[in-house]
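Below is one structure, written out as structure tokens; comments come after it.
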Amino acid sequence: MIPEPLKTELQSSIAHAVTRREAAVGVMKRLQSHYGWMTDEAVTEAAELLGLSPLQVEELATFYEMIYRRPVGPKVIHVCDSISCWSMGGETLLQQLEHHLEISAGGTTGDGAVTLLPCSCLGNCGNAPAIMIGEQLHGPITVQQALDLVGRR
Amino acid sequence: MEQVLFRHNHPDRMVSLEEYRLEGGFEAWAKAVRAMSPDEVQQAVIDSGLRGRGGAGFPTGKKWSFVPRDLPGPRYLICNCDEMEPGTYKDRVLLEKNPYLLVEGMALAAYALQVNHAFIFIRRGYEQAAHNLRQAIDEARRAGLLGSNILAGGFSLELDLHQSAGRYICGEETALMNALEGLRANPRAKPPFPAIKGLWGQPTVVNNVETLANIPAIIERGPAWWKGLAAIPEAAGTKLFCISGHVQKTECIELPLGITLGEIIDGPCGGMRPGSSFKACIPGGASTPYFTSDHWQVAMDFDAVAKAGSRLGTGGIVVFDQNTCMVGATLNLIRFFARESCGWCTPCREGLPFVQHILERIEDGLGRPEDIDILREHVQRLNYAFCALAPGAMGPVEGLLRLFGDELDEHIAKGKCPFKGSRSH
Ligand SMILES: Cc1cc2nc3c(=O)[nH]c(=O)nc-3n(C[C@H](O)[C@H](O)[C@H](O)COP(=O)(O)O)c2cc1C
Ligand code: SF4
Ligand code: FES
């Protein structure tokens, strides 16, 4: 169950939209930040708020890169694997992070704290190799700096 | 060099509304709302020769003129800030430095189109840009530059921000409208074109951030002045180039359209990095065929770049040095497009992973001579996809076949990638 203030906040964002559906992505993102990921419960709650079926929400949730339908750690490192970062050593950076965090790309550390995800261009190509931790862009970045940022050194 | 889009920029922070106005900001808007008709604004944009900065280079004023003036019901303007084409980051830099320019440009476009409700569709991860925009919209509203009865001229405009959750296809204008409506972001069939039937079935114009941000200068200083900013008479205005890869300075820079590739790389980019020499570049974002040193003198403008076999695209220039494997680069690009395929139509959903597989095979030393023909055939076949993503994806493959056939052959003949181990990182 989501707390009342959050529910009120979401209802008012839906009321502001031209159609209820228009608010769907915003609602999913807000619920995700509440739960940490887009849980089954969150899908049902989003559906109720938006006047959609859970399946219609699922159809959206599975479409977007930044909606997590599986648990992730409180710290998510997104490592850009697109062309500019590739040209500046992005592949090596990802391998080094896998090595130091002892997980493979897509995984979460044993203590559940850090998730490592390769991702498409972050729009930070001039600062390659680029990563995003939470919603903060970083780059150019070394493996040590990245580990520092998630408290893993 | 004359700057239009970056004129108000500070190195370390966003310009303030006060500073922007002291330097002439919102004067174009005031002038239009008080003293110009919507048609006059549209005509100025037509006369300026402004072409869309979102990738296709469609003439902006002409696009606006397709919107019927007499259909009942609302019409919409959408600013496309999805910016997920690898190698492209200009819209982010622009909004981080000066969101007012976009607010003013959108106000002018909305006025010309008689739109009262406009949207900015912004990609995931652009939190700072979104934050700046929200601030700019709030301030503009409080200053009476947005909202109802703006500057007592009788025109009203609401601007809403929609933050997306990350998928490249959301930048395609009809997929974008689905995304905005809260539908799964597959593209829509055209026709009907958005100008007739777009967002919620109403007439809609979609323009890129940079396109819209040019409009205040066109209105303020006049279309002839703006057009003359270009380096060659066939071009019009300036362009934000986003530089990345193996050059000294990898920044977003505003330059006259029509400047040559060589001038960009040797000039503002500061040349290649130590130990690197120029081999090739992507001239306009991930979907554009490569340029090599043979293209050094090409004027970076829409028509000239097209004539030289590529596209100006978004102006995202990714530079590669002598140690770069072009098969590897192309494989990286195809992986991106295969991942970002929205899955709606078969040629793209099935074809791109297949092409990826062939390139992987070649890069891993398992390529076969007939693979070249398969690749060539797929450059043709993927033109039959439902939207422009798949043909765009094949741009680099086409360039690879045309310009780096030797390199492909060498991979196949030697049974390995000749560049393995040639780079330190
Ligand atoms: C797959 C795909 C992705 C696109 N992504 C963007 C984008 O991120 N930003 C953008 O402005 N245009 C993008 N476009 C182009 C838009 O469809 C549209 O042409 C453009 O926003 C129109 O603006 P303009 O006329 O100002 O250039 C994309 C097109 C395709 C096919
Ligand atoms: S070409 Fe690709 S992205 Fe476009 S509709 Fe088909 S599957 Fe979707
Ligand atoms: S290619 Fe990595 S941020 Fe754009």
Side-chain angles (χ1 to χ4, degrees), chain A residues 14 16-29 32 38 50-52 56-68 78 80-93 96 118-130 132 134-137 139-140 142, chain B residues 74 83-93 117 123-129 160 162-168 170 179-186 199-200 242-246 249-252 282 286 316 318-321 324 328-329 332-333 335-336 339-340 342-343 396 423-425:
Chain A
I14 294 168
H16 177 78
V18 175
T19 66
R20 285 161 94 186
R21 264 199 107 117
E22 185 203 336
V25 172
V27 167
M28 287 194 299
K29 284 165 95 173
Q32 172 164 286
M38 192 73 194
L50 294 161
L52 300 173
Q56 285 171 313
V57 173
E58 189 77 286
E59 194 179 67
L60 295 171
T62 55
F63 192 78
Y64 289 105
E65 187 173 11
M66 288 295 150
I67 302 294
Y68 313 122
H78 286 273
C80 172
D81 62 9
S82 294
I83 191 69
S84 308
C85 293
W86 174 85
S87 78
M88 297 301 285
E91 271 179 346
T92 314
L93 175 66
Q96 288 170 336
C119 71
S120 294
C121 178
L122 290 166
N124 201 16
C125 327
N127 298 321
M132 183 168 76
E135 290 178 335
Q136 181 70 44
L137 294 173
T142 63
Chain B
E83 189 158 82
M84 278 197 52
E85 175 107 347
T88 312
Y89 54 99
K90 64 192 177 69
D91 298 341
R92 175 178 60 78
V93 173
H117 193 175
R123 59 167 287 173
R124 54 102 172 159
Y126 279 13
E127 294 302 320
Q128 187 64 50
D160 276 328
H162 178 103
Q163 286 186 269
S164 186
R167 269 319 271 280
Y168 173 60
C170 295
L180 199 59
E181 289 183 25
L183 302 164
R184 200 170 161 108
N186 299 116
L199 195 62
W200 292 297
C242 327
I243 315 295
S244 63
H246 304 140
K249 277 195 241 154
T250 49
E251 290 164 9
C252 178
I282 295 176
V318 191
V319 181
F320 302 121
D321 70 5
T324 310
N332 175 281
L333 293 163
R335 276 195 181 128
F336 165 83
R339 179 200 285 163
E340 295 295 341
C342 82
R423 187 178 300 289
S424 49
H425 56 239

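Every chain is numbered from 1 and lettered A, B, ... according to where its sequence line falls, protein lines coming before strand lines.
Top candidate by heavy-atom pairs under 4.5 Å with chain B, chosen from A:V18, A:V25, A:L137, A:I83, is A:I83. Counting heavy-atom pairs closer than 4.5 Å to chain B, the top-ranked of the candidates A:M132, A:Q56, A:Q136, A:K29 is A:K29. Put simply, of B:C342, B:C170, B:G328, B:G316, the one with the most heavy-atom pairs under 4.5 Å next to chain A is B:G328. When the candidates B:G343, B:S244, B:A286 are compared by the number of heavy-atom contacts under 4.5 Å with chain A, B:S244 comes out ahead. Residue with the most contacts toward chain A among B:C242, B:A185, B:A179: B:A185 (heavy-atom pairs, distance under 4.5 Å). With chain A as partner, the option from B:E181, B:H117, B:H162 having the largest number of non-hydrogen pairs under 4.5 angstrom is B:E181. Of the listed residues A:C80, A:C125, A:A23, the one with more heavy-atom pairs under 4.5 angstrom with chain B than any other is A:C125. Interface remark: of the candidates A:G26, A:S82, A:C85, A:S82 forms the most heavy-atom pairs closer than 4.5 Å to chain B. The greatest number of non-hydrogen atom pairs below 4.5 Å with chain A, out of B:E85, B:R335, B:K90, B:E340, is found for B:E340. For the set A:S84, A:A128, A:A17, the count of heavy-atom pairs under 4.5 angstrom toward chain B peaks at A:S84.
The parts of B:L183 that come within reach of chain A are both its backbone and its side chain, each placing non-hydrogen atoms under 4.5 angstrom from that chain. At a 4.5 Å heavy-atom cutoff, the contact between A:H16 and chain B is made by side-chain atoms alone. Proximity to chain A is limited to the side chain of B:R339, based on heavy atoms less than 4.5 angstrom apart. Looking at B:C252, neither its backbone nor its side chain comes within 4.5 Å of chain A, counting heavy atoms on both sides. For B:D91, no part lies near chain A; criterion is any non-hydrogen pair under 4.5 Å. Of the two parts of B:Y168, neither the backbone nor the side chain holds a non-hydrogen atom closer than 4.5 Å to a non-hydrogen atom of chain A. Residue A:L122 touches chain B through both its backbone and its side chain, counting heavy-atom pairs closer than 4.5 Å.
Residue-environment remark: CD (A:E135) stays at or below the threshold of 12 foreign heavy atoms within 6.0 Å.
Within the structure, salt bridge (Lys or Arg N to Asp or Glu O under 4.0 Å) contacts touching residues 57-67 of chain A (residues at least two apart or in different chains) are A:E58-A:R69, A:E65-B:R124.
Counting all heavy atoms, side chain and backbone alike, B:G245 lies closest to A:S87 at CA-OG, 3.7 Å. In this structure, A:E22 and B:L180 approach most closely via the heavy-atom pair CG-O, 3.1 Å. Nearest approach of B:G182 to A:R21, heavy atoms of both residues: O-NE, 3.0 Å.
The distance from atom OG1 of B:T324 to atom CH2 of A:W86, rounded to the nearest 0.5 Å, is 6.0 Å. Taken from CZ in B:R167 to OG in A:S120, the straight-line distance is 8.5 Å, to the nearest 0.5 Å. For the atom pair OG (B:S164) and OH (A:Y64), the distance works out to 4.5 Å, reported to the nearest 0.5 Å.
Not a single side-chain hydrogen bond (donor to acceptor under 3.5 Å, both in side chains) links B:N186 to another residue, sequence neighbours left out.
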